[in-house]
Every structure is written in structure tokens, then in C-alpha cells.
Amino acid sequence: VPSFLTPGFAYFLGFLRDGTVTKHKEAIHDVVIYQKDKEFLEKVIVPLGEFLFGKKLKIRPSGADFAWRLHSKSVFKLITSKFDYPKSLRQIEWPVPKIILDAPSEIQKWYIAGFVDAEGSVCIEHGKPVIYIYQSWRGVGTHPLESIKQMLRKFTIYSHGPYLCKSDKQAFRIEMEDRSARLFFELIPTIKKRLPCPPPEELETKWLLSGMV
């Protein structure tokens, strides 16, 4: 179990937006990340999980996705007790943890990177880059996207929103355009969501760990 907050652990917590923390009948405690991109899980999340938690896990199919699944009561307790994970264990009610909001900018930028790799979208519109960050929310207090927006301002990266997405009253997004999108790519160390997409060699374990821990 990590004893302090590193950039790698901050990235993992951000990327956990594509996952869940759950327990079964008080005996089994799981931390799970889901992705359609099996290669990304194998080349990034598996070595990162091994470094952080000391366990090298196999990626297994999970419905239409693939899953990285850690059975660990101690990691479950760490995330739920120190990182404001809701007692309901519902992602839709999880704010950005206070420990992240109070952390140095180096930690915050890695948390944002993980969050965007999990919940972001990068595209070109009218010849200019645009970044969207999505998050469903039915909690109390500050919307997680509003917290992300405020942290990005520390890097002079400005975004619009959060806005409701279409007719879904629980789904929101923020967006960055042109200059802010370009600055985001310069300052926020995302691994998966880049423009253009990173070549496969940039996802190797050596690059990942040398850049994050």
C-alpha cells in the first residue's frame, strides 16, 4: 500500500474514474479499472499497479471491456478512508479528493492526466484542437469537473463548463479550445490522450516509471 502520494499514485487515482471500488459480502474488496483498450491496460496500468501495490495482475475480459482487478482490503480502505470515496461506493458521487485539491501542482497535474486519460476526448474541430472532459455526477458539494477546471487555471489553462451533455441530466463536460488545448498538451502529462496519439514505444514500462515515480 502506498505510504505517500506520488505522481504515479495520483495518476492511478485519476484514471480510477474508469473503474470502481467495491466489496462483496464484507469478505472481498476490489479495486477495478475497466477499458476497451487492452493494450493500454497491459502496458501502462499493469506495470503501474505492480509498482504501487506489489502485484502484477493479468488483464481479463469483462463484458464488452477488459478489466484490471486488484483484490485488496488494505488498498480499498486506503482509497475509501483517505481519498473521499463515497460510502455508497458509487463513482457518480465521488468528488475530487481533498488531498488532491491541497496537493502541490506536480501531483495535481498527474491526477488530471489520469482523469483525462480515463474520461477525456481529443479531436480537431475547424482545424484546431479541442479537449473534452466528461463526468457523470449526482453527488453533493463541488462538481469534480469544476474542481478540475480550477486546478487547470493554476497552469493558465482555461476551460468552459461544466455543461450538461445532451438530454442526460447527470452527464456533464468541460471543454478546452485552441490555445488552452495546446497548452494543456504542453503541461499536463497525459499518456493516452495526446495529439497525435503516442507511438507504441512511448507506452513501455521504462518510459512510464521513469516519468511518473
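Because the structure is a prediction, the values reported are computed rather than measured. In what follows, every heavy atom counts, from backbone to side chain, and hydrogens, waters and symmetry copies are set aside.
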Nearest 0.5 Å, what's the [atom1]-[atom2] distance between [X] and [Y]?
X      : Y      : atom1 : atom2 : value
Thr80  : Lys23  : OG1   : NZ    : 8.0 Å
Asp18  : Ile33  : CG    : CD1   : 8.0 Å
Arg173 : Glu119 : CZ    : CD    : 14.0 Å
Ile28  : Thr22  : CD1   : OG1   : 10.0 Å
Ile188 : Ile112 : CD1   : CD1   : 4.5 Å

* To do: Check step by step if side-chain contact (heavy atoms from CB on, under 4.5 Å) holds for Gln170 and Trp137.
  => CA-CA 5 Å; Gln170 296 178 356; Trp137 175 246; over 6 Å; no
* Pair Lys128 + Glu125: basic N to acidic O under 4.0 Å -> no
* **Trace of the side-chain contact (heavy atoms from CB on, under 4.5 Å) decision for Val44 with Lys192** => CA-CA 9 Å; Val44 176; Lys192 186 177 183 183; over 6 Å; no
Minimum heavy-atom separation for [X] to [Y], with atom names?
X      : Y      : answer
Gly8   : Leu48  : O-CD2, 3.8 Å
Ser121 : Lys193 : N-NZ, 4.4 Å
Ile174 : Ser159 : CD1-OG, 4.0 Å

Student check: side-chain heavy atoms of [X] and [Y] closer than 4.5 Å:
X      : Y      : answer
Phe184 : Val116 : yes
Pro129 : Val122 : no
Lys109 : Leu187 : no
Pro61  : Lys38  : no
Glu175 : Ile131 : no

* To do: For a side chain to side chain contact (heavy atoms under 4.5 Å, CB included) with Phe9, tell me which candidate from Phe51, Phe53, Phe4 qualifies.
  => Phe53
* Asked: Does the side-chain contact (heavy atoms from CB on, under 4.5 Å) test come out yes or no for Ile191 and Phe40, once each step is laid out?
  -> CA-CA 9 Å; Ile191 299 172; Phe40 184 82; 4.0 Å; yes
* Checking side-chain contact (heavy atoms from CB on, under 4.5 Å) for the pair Tyr11/Ile107: CA distance, chi angles, key distance, verdict? -> CA-CA 8 Å; Tyr11 180 89; Ile107 294 294; over 6 Å; no
* To do: Can you tell me which residue pairs pass the side-chain hydrogen bond (donor to acceptor under 3.5 Å, both in side chains) test with a partner in residues 56-66, sequence neighbours excluded?
  => Lys36-Asp65
* Asked: Would Val1 and Val31 show up in the same hydrophobic cluster when neighbours are defined by side-chain heavy atoms closer than 4.5 Å?
  -> yes
* Establish whether Tyr163 and Val130 are linked, either directly or via other cluster members, by ILVMFWY side-chain heavy-atom contacts under 4.5 Å. => no
* Structure fact -> Hits for ring-ring contact (aromatic ring centres under 6.0 Å, His included) against Tyr111, two or more places apart or cross-chain, chain-then-number order -> none
Could you pull out every donor-acceptor pair under 3.5 Å between side chains of residues 66-74 and any protein atom, sequence neighbours left out?
from	atom 1	to	atom 2	distance (Å)
Arg69	NH1	Asp30	OD2	3.2
His71	ND1	Asp30	OD1	2.4
Ser72	OG	Ser74	OG	3.1
Ser72	OG	Val75	N	3.1

* Asked: Under 30°, 30 to 60°, or over 60°: which ring-plane class applies to Tyr134 and Tyr132, parallel, tilted or perpendicular?
  -> tilted
* For the pair Ser180 (side chain) and Met176 (backbone), establish whether a donor and an acceptor sit closer than 3.5 Å, ignoring hydrogens and angles. => no
* To do: Could you list who else is in Tyr34's hydrophobic cluster, with ILVMFWY side chains joined at under 4.5 Å, directly or through other members?
  => Val32
* Asked: Hey, is NE2 on His24 packed in by over 12 heavy atoms from elsewhere, all under 6.0 Å?
  -> yes
In a table with atom names and distances, give each donor-acceptor pair under 3.5 Å that connects a side chain of residues 82-103 to protein atoms at least two apart or in another chain.
from	atom 1	to	atom 2	distance (Å)
Asp84	OD2	Lys98	N	2.7
Tyr85	OH	Val21	N	3.3
Ser88	OG	Arg90	N	3.3
Ser88	OG	Glu93	OE1	2.6
Arg90	NE	Glu93	OE2	3.4
Gln91	NE2	Leu16	O	2.6
Gln91	NE2	Gly19	O	2.9
Trp94	NE1	Phe83	O	2.9
Lys98	NZ	Asp102	OD2	2.5

Would you tabulate the side-chain donor-acceptor contacts of residues 147-158 under 3.5 Å, counting partners in other chains and residues two or more places apart, or write 'none'?
from	atom 1	to	atom 2	distance (Å)
Lys149	NZ	Gly161	O	2.6
Gln150	NE2	Glu146	OE2	2.8
Lys154	NZ	Gln108	OE1	3.3

